[in-house]
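What follows is a single structure, written as structure tokens, with notes after it.
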Amino acid sequence: MSYYDFLFVIEVLVGGLLSGVMYSLVAIGFVLIYKTSGVLNFAQGSMVLFAALTFVSLVERGIPFALSLLITFAVMVALGFTIERTVLRPLVNRSPMTLFMATLGLSYIIEGAAQLIWGTQVHGLDLGIDDTPFEVGGILISSFDLLAAAIAAAMVAGLSAFFYWTRIGLAFRAVADDQFAALAVGLRLPRIWGTVWTAAGFVALVAGLLWGARLGVRFSLSLIVLKALPVLVLGAFDSILGAIVGGLIIGASEKLAEVYLGPFVGGGIEGWFAYALALVVLLVRPSGLFGQKTVERV
Amino acid sequence: MAVQALDAARLPVDWAKLVQKLALATALFVVAYGVVPAYASGYLVEAILLPFLALSLAAVGLNLLTGYCGQLSLGSSAFMAVGAFGAYNFNLRVEGLPLAVTMILAGISAAGFGVVFGLPSLRLRGFYLAVSTLAAQFFVQWALTKFGWFSNDNPSGVISAPHLAVAGLSLDSATGRYLLSVTTVMVLTALVWRLVNSATGRNFIAVRDNETAARVIGVPVLRTKLLAFAISSFIIGIAGVLWAFTYLRTVEPAGFNLDRSFQILFIIIIGGLASIRGAFWVRRSSLSSRSFCPGSAHSCSAACSIRAFST
Amino acid sequence: MTFFSHLRKAAIATAFVLGATAVHAEEQYFPLQSYRVGPYAAGGTGFFGGFIDYLNLINIRDGGVNGAKLAWSEGETQYEVEKGVEVYERLKSNPGIAAWNPLSVGIAYAMIDRITDDKVPLITINHGRTDTTDGRVFPYVFPLLLNPYSETSGIVNYIASKEGGLDKLKGKNIVVLYHGSPYGKETIPIYELLSQKYGFELSQIEVPHPGNEQQAQWLTIRREHPDYVVLRGWGVMNPVALKTAQKTGFPADHIIGNVWSNSEEDVIPAGDAAKGYTAITTQASGERYPVVQEIVKTVYGDGKGNLEDNSRIGSVYHNLGIVNGILNVEAVRIAQAKFGNRTLTGDEVRWGFEHLKLDPARVEALGAKDLFHSINVSWDNHEGDGYVTFQQWDGKKWNVVSDWIAPDWKLLRPIIEKSSEAYAKEKGIKIRTAEDADAVVSN
Amino acid sequence: MIGASLGAAAYERASEISAILAVANPVGDRRLARLSSRPDVVLALSGIGISFGGVKALSDVDLEVEVGEIRAVIGPNGAGKSSLINIISGLYHADRGRIAIGGQSFSRVPASRLARLGVARTFQNLALFGGLSVRNNIACGRVHTRRASFVEHIAGLPRARSEDAGIAEKTDQIVAFLHLESVADRLVATLPYGLQKRVELARALVAEPKLLLLDEPMAGMTATEKAEMAGFVRAARDRHGVTIILIEHDIGVVMGLSDRVAVLDYGRKIADGTPAEVRADPAVIRAYIGTAEGENGEDI
């Protein structure tokens with residue numbers, strides 16, 4: 001392998017890792033909700049779309065950037081809260097599968113609502129981040145991706161701090177650990193769920209802005225859940241650390257596979273490669289890399 | 001079925017109920033083979049009944065797996081695609097293959113795929129399994145697009161329905177295609193009905209309701225799951241043949257995308273998991289409501305599904 | 001809010017049809033399988049908006065085509081095949097259908113058998129199956145102006161013209177980045193053929209659907225140092241390609257888009273990364289052409305404009321809709337010249353399309369000089385040898401940067417015939433002759 | 001030098017361990033071989049140990065069960081009773097020790113072959129099939145005897161029909177035996193708790209097992225229901241000749257019902273013998289007074 005080939009591998013790897021962070025960003029929204037209420041919230045993708053579309057529509061109507069951000073955040077909080085109140089709370093105690101399908105239905109409703117409210121146009125979203133690549137030792141690195149990774153890291157750190165040091169965070173962790181026990185010691189589950197959905201709305205907002213800037217704001221934005229799902233499976237549905245590591249692994253291996261494995265089968269394997277990889281890992285560790293291995297109680 | 005017969009022997013025979021059932025079956029036959037072919041408009045047959053029959057059959061298949069056996073699959077339309085492209089190729093490459101054999105072979109191909117993609121179910125449960133079935137969805141679509149052989153190297157990657165005939169009788173007309181569909185659906189649904197009421201069907205339910213207990217009392221859990229994947233995929237595969245041959249006539253792999261899988265899933269949710277009849281009436285009502293439904297039909301069914309849960 | 005106004009418009013349009021039917025005037029009807037909601041609504045509103053705007057212009061300005069009023073009604077498909085078929089079956093019994101114009105590959109496929117049975121033309125302008133160009137096998141399908149093979153040849157000819165001639169292509173390196181779908185893969189053999197013929201190096205790289213991740217592909221491209229990248233994209237894949245190109249340092253002005261990568265929707269989301277990007281088109285964009293001006297004056301002035309957002313007048317999809325309107329109306333006019341100025345049958349309109357010859361002079365008379373070049377459809381050539389041009393995005397709008405370019409039709413025809421003949425064999429279709437084409441079913 | 005001494009130490013330690021194993025295993029295996037060759041021993045456990053996440057749930061437990069006896073295993077909460085029954089039925093795998101069932105020796109009991117080994121069980125928390133009727137739940141208990149394929153079932157071929165008929169007959173017998181006739185065609189999920197427990201017993205009995213494992217069959221029942229259930233358990237032994245392992249919390253019930261009682265505490269067997277012997281054992285008294293008295297108030 002020549003020096004240039006080596007550089008190229010590194011470049012693909014770095015690009016993949018940075019993409020992986022973007023996947024993690026979406027995956028974290030899933031984890032937050034799954035950990036506390038056992039729901040795999042398929043509507044997370046539509047929430048990302050909704051956030052981006054709301055923000056960009058506000059900006060296009062001449063509302064200043066910061067104010068738009070604030071309004072969008074408020075809207076996302078309201079949306080998260082409404083979903084929790086109107087869809088998930090009435091379904092409490094149903095099987096996880098039922099809840100999952102409800103969120104699947106919800107994703108279509110949110111998409112439809114977004115279209116009714118904001119129309120069907122495709123928008124560009126300019127966050128004012130310059131995306132000219134810079135070179136480090138012969139490797140091109142995207143400044144946008146790097147910044148996105150930094151924002152994602154900051155968000156994870158912020159969320160961790162929130163859940164580690166605040167009262168509600170403590171309650172969150174208790175609920176994540178054991179719902180019944182948490183209930184028994186008098187934690188108010190609905191309030192925690194409300195908070196978690198708010199947090200998920202916030203994550204959707206951040207993901208929506210960054211992904212919106214990457215892809216443009218359009219309907220297929222909600223398809224990024226399909227990138228997040230293998231990340232979740234690989235890293236475990238209930239682990240934020242898993243979502244991050246999973247994202248990095250998927251991002252890097254998917255890009256390397258496309259470049260080095262793709263040519264042997266004609267390319268375009270990224271669509272299913274991540275799923276296949278996640279599957280292989282699962283066959284060894286059925287509850288993901290960072291999932292808790294549960295002892296079956298009988 | 002035999003158990004039911006014994007049950008009936010033990011209980012006093014409920015003649016009224018029996019007569020009612022017989023009358024219902026007769027009425028169904030008269031409507032399906034008499035009234036519809038004679039009086040239904042082209043629109044009703046081509047735009048409502050044909051997709052209704054194909055998707056209902058797919059829903060029956062998925063219901064066997066998800067509703068009865070408890071294995072959530074998000075990749076149903078991949079198996080429809082395998083069925084459709086399988087039938088196309090069997091018909092194309094084997095001279096003079098009867099239509100029924102073509103369809104059964106297509107179903108068997110889909111069943112084979114189902115078993116392969118059902119293998120993870122032996123180790124994975126719940127969402128981990130559901131997400132892994134997405135691998136089937138994306139892989140099949142990729143493979144059908146990637147390898148031109150599947151579409152007989154058609155530059156547009158599409159397949160077209162062949163001339164349809166049974167025993168020399170052409171079924172290419174709208175009525176002919178309807179009769180083919182309705183017969184296929186009725187036969188398969190009847191077989192599924194018998195299956196779910198047999199010991200095999202009870203094994204499915206046992207695995208769904210309590211896998212550990214099922215294993216301990218001797219239900220062959222692994223074999224039961226794979227069987228559920230196989231039979232379910234077989235039926236969904238044949239539904240794919242109907243979709244391609246009797247309804248759309250020319251299809252591309254993209255027609256069997258994730259949205260289609262979700263659509264089938266919605267049908268069984270709204271119709272009620274583990275309810276064969278549900279698969280039919282939901283499909284019917286969602287079609288009839290479509291023309292009045294302003295937003296996406298998906299949002300509509302989604303809304304219905306959420307309502308169905310809350311009640 | 002946008003949605004309800006569409007609903008209102010659809011209602012008005014329908015009422016208009018019903019009202020017109022009531023007086024039994026001569027009338028030609030266009031059933032529209034439009035998509036104004038759903039993921040592809042942006043394209044649908046533009047195209048069907050332009051189409052309807054032109055039909056409106058003919059009605060308002062000329063009182064129809066030789067006295068035959070134009071009518072239409074819409075059925076929402078959301079670009080979904082199943083709904084497209086439903087709308088087809090619902091609207092097909094309306095009287096006086098001229099032609100179907102779905103602007104959806106999937107819906108068009110599902111209609112081929114149906115319209116052939118019903119003997120009504122199916123117009124797949126700029127899209128559809130390549131082999132439907134062969135009118136001998138597909139009597140009722142018309143991929144007008146441009147099929148994928150001609151597009152490929154047109155793009156290569158454009159690159160050649162930039163390099164100073166076809167002989168200068170030798171040794172050049174071209175990468176084709178295509179969408180991972182049958183549509184995307186359709187031109188693979190044609191690029192290979194042209195690469196052999198002209199001696200340029202070629203590599204074709206797939207982007208899996210939907211195309212929201214292209215890091216790996218563009219890094220591979222960067223390693224190859226190609227002279228040009230051809231973008232055969234769709235939907236979100238296009239802006240992502242442009243953004244990723246910027247990210248990996250590939251210049252946008254060496255990326256050439258195909259006909260489904262040439263709209264405002266493809267470049268606006270990419271922002272500055274799209275500046276300099278060039279794409280093929282069969283119809284120039286902008287509103288300076290007389291016919292567009294007349295639409296602005298007559299139709300929009302009258303408050304009957306179909307576009308929600310007037311700034312989209314003259315956009316790529318809107319102008320495509322207008323050109324599509326011109327071709328449909330002229331086919332009806334040509335058929336009327338033979339069969340009489342009355343409501344025509346679908347088969348008569350088919351005959352009209354098969355004699356749709358608009359030379360540059362006629363195009364100018366229609367107020368469309370420079371909007372599109374010309375068309376020359378015949379009974380066995382349903383594409384009509386349309387010329388193409390290339391537009392460059394300057395960050396705000398598209399600017400035409402080339403002459404009208406002719407694809408190498410002669411080279412491509414045998415390949416098309418091979419494919420259509422295989423289809424005819426597979427389906428047991430008898431290959432049509434010129435006499436067959438002249439036999440017309442009139443009621 | 002240091003490396004060499006470390007290596008030597010490791011070697012010494014390893015040979016020590018293997019010496020222990022070499023001694024321990026033959027003895028255990030010999031004992032197991034001896035026990036399992038006795039025709040009157042249905043089940044023999046030898047040196048069973050298991051731990052979860054570092055916590056020892058069971059250590060070095062021996063147990064043998066003779067034909068036709070009701071063998072109770074008691075102990076305070078967390079003593080390892082359920083782990084024991086789960087190891088016997090193959091749901092947990094012991095870290096150490098061997099299990100002999102009907103003369104066949106295992107380190108890991110294959111749960112999927114359990115029914116064919118002649119072992120049936122009930123569960124501490126109900127494990128019925130909620131979507132099936134009572135009769136069908138019970139019929140499932142004989143699923144291990146079925147041979148007909150799904151094709152035969154769909155087509156209603158003779159083998160499938162005769163299997164169905166045979167199982168229906170057996171099911172009827174058990175339904176009558178446990179007085180479940182009036183609810184036989186109801187969905188099992190709609191029954192009250194006590195009846196569901198009884199259906200589970202029926203599902204286990206219909207398999208005609210040699211060995212029946214009952215995991216707290218009377219938990220959560222009223223006194224009347226308990227007495228009724230105790231009657232059924234005894235009748236199952238008396239009339240069907242089933243050997244029974246009974247795990248139970250309620251010591252009063254156990255003492256009256258069982259032939260021999262083993263007592264577990266913190267994963268160790270602290271006593272084993274007839275009810276009278278166990279009752280008098282000071283270790284048992286200590287264990288119960290020390291841990292459970294305040295909580296359960298059980299009276300020994």
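The sequence lines fix the lettering, A, B, ..., with proteins before strands; numbering per chain opens at 1. Just so it is clear, the values below take in all heavy atoms, side chains as well, and ignore hydrogens, waters and symmetry mates.
- Note that OH of A:Y23 is 3.5 Å distant from CD of C:E213, once rounded to the nearest 0.5 Å.
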Enumerate, atom names and distances included, each donor-acceptor pair closer than 3.5 Å involving a side-chain atom of residues 267-278 of chain A, sequence neighbours excluded.
from, atom 1, to, atom 2, distance (Å)
A:E270, OE1, C:Q217, NE2, 3.2
A:E270, OE2, A:K255, NZ, 2.9
A:Y275, OH, A:L226, O, 2.7

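- Looking at C:Y178, the atoms closer than 4.5 Å to chain A (heavy atoms on both sides) all sit in the side chain, from C-beta outward.
- Between C:R222 and A:L140, the closest side-chain pair of non-hydrogen atoms falls below 4.5 Å.
- Of the inter-residue distances, the one linking A:S142 atom OG with C:Q215 atom CD reads 7.0 Å to the nearest 0.5 angstrom.
- Distance check, rounded to the nearest 0.5 Å: CG of A:L215 to OG1 of C:T244 gives 9.0 Å.
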query: Could you walk me through whether C:D309 and A:Q121 pass the side chain to side chain contact (heavy atoms under 4.5 Å, CB included) check?
result: CA-CA 10 Å; C:D309 175 3; A:Q121 268 308 315; 5.5 Å; no

query: Given the rule in the side chain to side chain contact (heavy atoms under 4.5 Å, CB included) test, do C:K247 and A:R214 qualify, once you have shown the distances and angles that lead to the verdict?
result: CA-CA 11 Å; C:K247 210 175 275 184; A:R214 250 168 96 103; 3.7 Å; yes

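- Note that the CG atom of C:L219 and the CG atom of A:L13 stand 11.0 Å from one another [nearest 0.5 Å].
- Within 6.0 Å of the CZ atom in A:F134, the count of heavy atoms belonging to other residues, nucleotides or ligands exceeds 12.
- Of the candidates A:V12, A:D5, A:L7, A:D5 is the only one forming a side chain to side chain contact (heavy atoms under 4.5 Å, CB included) with C:R223.
- In this structure, the separation between CH2 on A:W211 and CG on C:N212 is 5.5 Å, given to the nearest 0.5 Å.
- Close approach to chain A, defined as a heavy atom under 4.5 Å from one of its heavy atoms, is seen in C:E265, C:I268, C:P269 of residues 262-269 of chain C, taken by number.
- In this structure, C:T220 OG1 and A:E258 CD are separated by 7.5 Å, a value rounded to the nearest 0.5 Å.
- The part of C:P210 that comes within reach of chain A is its side chain, from C-beta onward, which places non-hydrogen atoms under 4.5 angstrom from that chain.
- Contacts with chain A were tallied for C:P239, C:A273, C:G235, C:G271; C:G235 has the most, counting heavy-atom pairs under 4.5 Å.
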